[in-house]
Amino acid sequence: MPELPEVETVRTLIAPHVRDRRIVGVTVGAFTGVVESPLPANPVSLLTGATILDVQRRGKYLIFQLDTGLWMTVHLRMTGRLIVCRTGDPAIRFEHIAFHLDSGEDIRFGDQRKFGRVTLLDEDHVASLESRLGPEPFDPDLTGPVLHPRLARRTGSIKGALLDQRLIAGLGNIYVDEALWRAKIHPLQTANRIDEETLARLLDAIRSVLGSAIEHQGTTFSSFENPYGEAGGNARFLKVYGRSKTDGTCDRCGGQLQRMVVAGRGTTLCPTCQRIDPSQIPGDDFDSANDVGPGLQMQGGKRR
DNA sequence: ACACTGCCCTGCGAGC
DNA sequence: TGCTCGCAGGGCAGTG
């Protein structure tokens, strides 16, 4: 699942191939829904002939700045890939759209599950997208005391809050689980019951986990590939995500990891390191958090 | 304003 | 071996 580190890896590697390159043609495959736009004109015709000035990242979005005053965003969602290849090369797996550049290279977008989108926006729509996203995790202005009031009305779990892109942009299921483990916070902890000091520790953990993942060019758990078709190297550094089904032990205390569903997402944690007072569990999740079965059981903690 | 559910989509592993 | 079933989850719309 591409989250901030994976999207940043794609941005870094793709930038030298697209910067100051003109899009001389666009080929859309059978799944035409991959490209969309709120603008009245056909996005493919608006893209053809445009020159890419730069590619930025905001949260999990890649944002290509065009010389026409328009902007193209790419969201990889779960299984999307952007691949660099030569024009005329055979289609990549699950290819949906190809951008032919004046360099003789192509940028191809493929997505097994057709969740990812290429979107053409004008300046107002980009501003609207920007306004819906919270601060970047590495924004130096983002501190414990800044985050604290923003969580004041959040009565749900801290995990649910961290997955909300309006609070902080760029976190997904993998790095939320990793950061909470590192900060020793239970995913079910009520968001507005966490003090400033703990939030500062959580921010440190988020930055550490994301920084390490960027350094290792992202996590490949199932499908992520960089623009050269290579896997990321961060999976072996993960402490909890995806580990409950393998060795299932906590690197810090040696205890058994536990799996449960939090905020509708599969969640792995160490019940020993990430303790929680039952009174701090939001709503009717009380039962599921107390259902501390063996860590390896399938769907452990899920009710019913 | 926030929380929750269902939807989109398909490869894959589990179970029979 | 081959089938069916349900899980994986980011963002969004709809509902409460």
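Keep in mind that the numbers below use all heavy atoms, side chains included, and drop hydrogens, waters and symmetry copies. Each chain gets a letter, A, B and so on, in the order the sequences are listed, and its residues count up from 1. Since this is a predicted model, take the numbers as computed values, not measurements.
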What's [X] touching, base or sugar-phosphate or nothing? Going by heavy atoms closer than 4.0 Å.
| X | result |
| --- | --- |
| A/Y61 | sugar-phosphate |
| A/F224 | nothing |
| A/R153 | sugar-phosphate |

What's the [atom1]-[atom2] distance between [X] and [N], to the nearest Å?
| X | N | atom1 | atom2 | value |
| --- | --- | --- | --- | --- |
| A/N192 | B/dA1 | CG | P | 17 Å |
| A/M78 | C/dC7 | CE | C1' | 11 Å |
| A/L163 | B/dA3 | CG | P | 12 Å |

- Query: Which comes earlier along DNA chain B counting from the 5' end, the contact point of A/R265 or that of A/R117, where each point is its nearest nucleotide?
  - Reply: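 Per heavy-atom nearest nucleotide, the more 5' residue is A/R265.
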- Message: Is there a side-chain contact between A/R113 and A/F94 in this structure, where contact means two heavy atoms from C-beta onward sitting under 4.5 Å apart?
- Response: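 No; the side chains remain at least 4.5 Å from each other.
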- State whether the aromatic ring of A/F115 stacks on the base of C/dG10, taking stacking to mean ring centres under 5.5 Å apart and ring planes under 30° to each other.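 Here A/F115 meets both the 5.5 Å and the 30° conditions.
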- Message: So, under a plain 3.5 Å distance rule, would you say the side chain of A/R113 forms a donor-acceptor pair with the base of C/dG9?
- Response: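 Side chain to base: pair found, below 3.5 Å.
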- Query: Is there a donor N/O on one and an acceptor N/O on the other, under 3.5 Å, for the side chain of A/R154 and the base of B/dA1?
  - Reply: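 Check fails, no donor-acceptor contact within cut-off.
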- Identified side-chain contact (heavy atoms from CB on, under 4.5 Å) partner of A/L151 from the options A/I194, A/I158, A/L162: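 Looking at A/I194, A/I158, A/L162, the match for A/L151 under the side-chain contact (heavy atoms from CB on, under 4.5 Å) is A/I158.
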- side-chain contact (heavy atoms from CB on, under 4.5 Å) with A/L70: which of A/D122, A/L47, A/V126?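 The passing option is A/D122.
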- Task: Report the nucleotide, chosen from B/dG11, B/dC2, C/dG10, that has the shortest atom-to-atom distance to any side-chain atom of A/F94.
- Result: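 Minimum distance to the A/F94 side chain belongs to B/dG11.
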- Query: Can you say whether the rings of A/F237 and A/H216 are parallel (under 30°), tilted (30 to 60°) or perpendicular (over 60°)?
  - Reply: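 Geometry flag for A/H216 against A/F237: parallel rings.
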